K.L.:
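Below is one structure. I have some questions about it.
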Amino acid sequence: MAAVTSRQRILTALVALVLMLSAAFYALAQQTGEAKKSPAALAGKRHTLAATLETVQWGWLDPKEPPKLTVDSGDTVSIETMMHSHDKVRPGITIDEIVALRRANPGGGPHSMTGPIYVNGAEPGDVMEIRIVKIVPKPFGINFNLPGKDFPTIGALAPEMPDGYVKFFTLDLKKRQAEFKPGITLDLKPFPGTLAVGIDPNDPSPRKGGATDPMAPVSTLRPWKNGSNMDINELQEGATIFIPIFLKGGLVWTGDSHCRQGNGEVNLTALECSYREIALQLIVRKDMKLEWPRIETKTHWIATGFDEDLNKAMINAVRESVDFLEQQKLVSMSRYEAYALSSMAADCRVSQVVDVRKGVHCMIPKSIFTKKS
């Protein structure tokens with residue numbers, strides 16, 4: 001009987017030891033997981049930036065525009081956005097009024113851009129990690145095409161659509177839907193059409209008023225290495241974008257808010273809307289170097305490329321896809337293997353064809369990697 005009791009005591013002690021070790025290993029794993037996160041991402045204050053005529057710029061990214069908010073790396077900013085042309089695109093606007101607004105800002109985009117936001121510690125050569133935490137739209141949406149007889153190059157079928165056309169939508173925010181017409185319902189998939197950091201002084205875009213100063217304002221029309229009018233519909237709530245920084249403070253802007261868009265944005269506009277709030281966490285990454293913006297979602301890594309020539313935009317996006325696959329640490333591979341894998345697994349899509357510079361984004365599925373880090 002004493003021997004049985006001794007064995008029971010030994011077994012009880014062993015079970016307790018195993019449980020204690022398990023708890024210790026679990027705690028260690030938790031700490032290791034936390035350590036993998038950016039320290040800035042774990043801290044951070046919350047800020048708000050309302051959309052007013054003071055905080056919103058129409059159609060231009062001006063590197064000399066005073067910051068509307070200064071934050072630290074890791075902070076989250078809840079930003080309000082306006083509809084196009086300083087909120088002049090409202091329910092009931094006519095196509096003639098839309099055309100007049102387009103002509104009222106020569107060379108500039110129609111986009112209303114909230115910002116810039118200065119992020120302490122951001123320097124040229126760093127990368128701005130922008131996490132899209134939450135998007136809350138306002139309840140009005142619009143889609144239009146400009147008259148092809150007046151704007152023959154704006155829209156994939158502009159010469160075939162001589163007249164302008166405008167359609168209004170009341171968004172059902174509870175159901176997250178919009179009725180296109182009886183019998184056709186669209187689920188809302190909001191994303192920022194334009195998300196930018198401060199301009200690249202080497203951007204070949206024309207400057208405001210024909211200026212030759214590389215620090216003169218750049219139109220919001222063209223996407224580029226600093227992001228801007230990318231119109232990539234994968235940039236939804238939960239996505240993260242990494243954008244190379246060109247100017248001190250990063251200078252983050254957002255606008256051209258969309259509530260849904262098909263790849264291509266072929267008639268010029270998406271389901272254009274504005275946001276009561278888009279919450280962005282801004283993190284300065286000094287451990288990354290990028291040439292073009294890169295996106296990460298729950299299911300994909302996304303490489304981007306832009307150029308006035310769609311073929312060159314494709315080349316830029318594919319090169320970025322190959323660069324990413326060659327450099328990733330999950331499974332080592334040669335550049336030729338990365339090129340082959342891109343051909344077999346990366347789904348390259350036309351982001352848009354209506355912003356002077358065309359866009360292509362290549363979707364690399366995370367599911368192909370069976371070896372986990």
Side-chain angles (χ1 to χ4, degrees), residues 29-30 32-38 41 127-135 187 189-193 195 223-225 227 230-244 258 260-265 270 280-281 283 285-307 310-353 357-373:
Q30 290 293 96
T32 304
E34 291 297 308
K36 287 182 179 178
K37 298 178 183 178
S38 165
V127 168
M128 187 68 72
E129 176 181 342
I130 303 177
R131 301 181 180 185
I132 302 176
V133 179
K134 181 168 66 171
I135 300 177
D187 291 330
K189 297 181 178 180
F191 72 96
L195 191 56
W224 188 240
K225 295 178 180 181
M230 296 175 289
D231 289 323
I232 296 175
N233 61 14
E234 300 291 338
L235 273 173
Q236 298 174 32
E237 190 174 289
T240 298
I241 185 167
F242 304 86
I243 308 178
H258 292 166
R260 186 185 175 107
Q261 180 201 291
N263 285 317
E265 199 182 22
L280 305 176
Q281 187 180 26
I283 302 168
R285 296 293 298 271
K286 294 185 177 293
D287 59 333
M288 293 182 70
K289 299 295 177 187
L290 289 177
E291 183 174 1
W292 295 93
R294 184 175 294 163
I295 299 166
E296 182 177 1
T297 70
K298 184 178 181 181
T299 58
H300 289 80
W301 295 289
I302 306 173
T304 68
F306 310 104
D307 196 273
L310 186 58
N311 291 321
K312 292 181 180 178
M314 172 67 86
I315 289 169
N316 288 336
V318 170
R319 184 181 295 115
E320 284 293 300
S321 176
V322 171
D323 287 347
F324 170 77
L325 288 171
E326 182 187 20
Q327 295 163 10
Q328 54 75 34
K329 304 299 184 186
L330 291 174
V331 178
S332 64
M333 67 183 72
S334 71
R335 190 161 184 80
Y336 281 95
E337 288 175 317
Y339 191 27
L341 185 58
S342 292
S343 189
M344 289 185 279
D347 183 13
C348 295
R349 305 173 180 178
V350 177
S351 315
Q352 54 74 27
V353 294
R357 279 195 189 120
K358 282 71 173 177
V360 172
H361 60 279
C362 294
M363 310 277 294
I364 304 167
K366 293 180 175 180
S367 60
I368 63 176
F369 287 86
T370 55
K371 180 182 177 181
K372 306 300 181 184
S373 61

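What you see is a predicted model; the values in this text were computed from it and never measured. Just so it is clear, the values below take in all heavy atoms, side chains as well, and ignore hydrogens, waters and symmetry mates.
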K.L.:
For residues Thr240 and Glu129, determine if any side-chain heavy atom of one lies less than 4.5 Å from a side-chain heavy atom of the other.
P.N.:
yes

K.L.:
How far does CD1 of Ile241 sit from CG of Leu235, to the nearest 0.5 angstrom?
P.N.:
4.5 Å

K.L.:
How far does OG of Ser351 sit from CG of Asp231, to the nearest 0.5 angstrom?
P.N.:
8.0 Å

K.L.:
Who pairs with Glu296 by side chain to side chain contact (heavy atoms under 4.5 Å, CB included), at least two apart in sequence or on another chain?
P.N.:
Phe242, Trp301, Lys366

K.L.:
In the structure I gave you, are the side-chain heavy atoms of Asn316 and Val360 within less than 4.5 Å of one another anywhere?
P.N.:
no

K.L.:
What is the minimum heavy-atom distance between Ala303 and Ala317, and which atoms define it?
P.N.:
CB-O, 3.7 Å

K.L.:
Do Met363 and Ile302 make a side-chain contact, defined as non-hydrogen atoms from C-beta onward lying under 4.5 Å apart?
P.N.:
yes

K.L.:
Rounded to the nearest 0.5 Å, what separation is found between the CG atom of Leu325 and the CD1 atom of Ile368?
P.N.:
6.5 Å

K.L.:
What are the two closest heavy atoms between Pro244 and Pro293, and how far apart are they?
P.N.:
CD-N, 4.0 Å

K.L.:
Carefully, step by step, assess Asp187 and Arg260 under the rule side-chain contact (heavy atoms from CB on, under 4.5 Å).
P.N.:
CA-CA 8 Å; Asp187 291 330; Arg260 186 185 175 107; 4.0 Å; yes

K.L.:
Given side chains that start at C-beta, do those of Asp307 and Ile315 come closer than 4.5 Å, heavy atoms only?
P.N.:
no

K.L.:
Looking only at atom types and distance, does a side-chain atom of Glu326 sit under 3.5 Å from a main-chain N or O of Asp323, one as donor and one as acceptor?
P.N.:
no

K.L.:
Show your reasoning for whether side-chain contact (heavy atoms from CB on, under 4.5 Å) applies to Val322 and Arg335.
P.N.:
CA-CA 7 Å; Val322 171; Arg335 190 161 184 80; 3.7 Å; yes

K.L.:
What's the separation between atom CZ in Arg285 and atom CD1 in Ile130, rounded to the nearest 0.5 Å?
P.N.:
13.0 Å

K.L.:
For Lys298, look at atom NZ and say whether over 12 heavy atoms of other residues, nucleotides or ligands are found less than 6.0 Å away.
P.N.:
no

K.L.:
Taking everything shown except Lys134 itself, do over 12 heavy atoms lie less than 6.0 Å from its NZ?
P.N.:
no

K.L.:
Nearest 0.5 Å, what's the NZ-CG distance between Lys189 and Asn233?
P.N.:
8.0 Å

K.L.:
Could you list the residues that satisfy side chain to side chain contact (heavy atoms under 4.5 Å, CB included) with Glu337, not counting sequence neighbours?
P.N.:
Met333, Ser334

K.L.:
State, to 0.1 Å, how close Ile132 and Leu280 come at their nearest heavy-atom pair, and which atoms those are.
P.N.:
CG1-CD2, 3.9 Å

K.L.:
Kindly indicate whether the side chain of Ser321, heavy atoms from C-beta on, has any atom under 4.5 Å from the side chain of Ile364.
P.N.:
yes

K.L.:
Could you tell me if the side chain of Glu234 sits less than 4.5 Å from the side chain of Arg349, heavy atoms only?
P.N.:
yes

K.L.:
Are His258 and Glu265 close enough that some pair of their side-chain heavy atoms sits under 4.5 Å apart?
P.N.:
yes

K.L.:
Side chains of His361 and Asn263: does their closest heavy-atom pair fall under 4.5 Å?
P.N.:
yes

K.L.:
How many angstroms lie between atom CD1 of Ile295 and atom CE of Met230, to the nearest 0.5 angstrom?
P.N.:
6.0 Å

K.L.:
Write down the atom of Arg357, the atom of Gln352, and the distance for their closest heavy-atom approach.
P.N.:
O-NE2, 2.6 Å

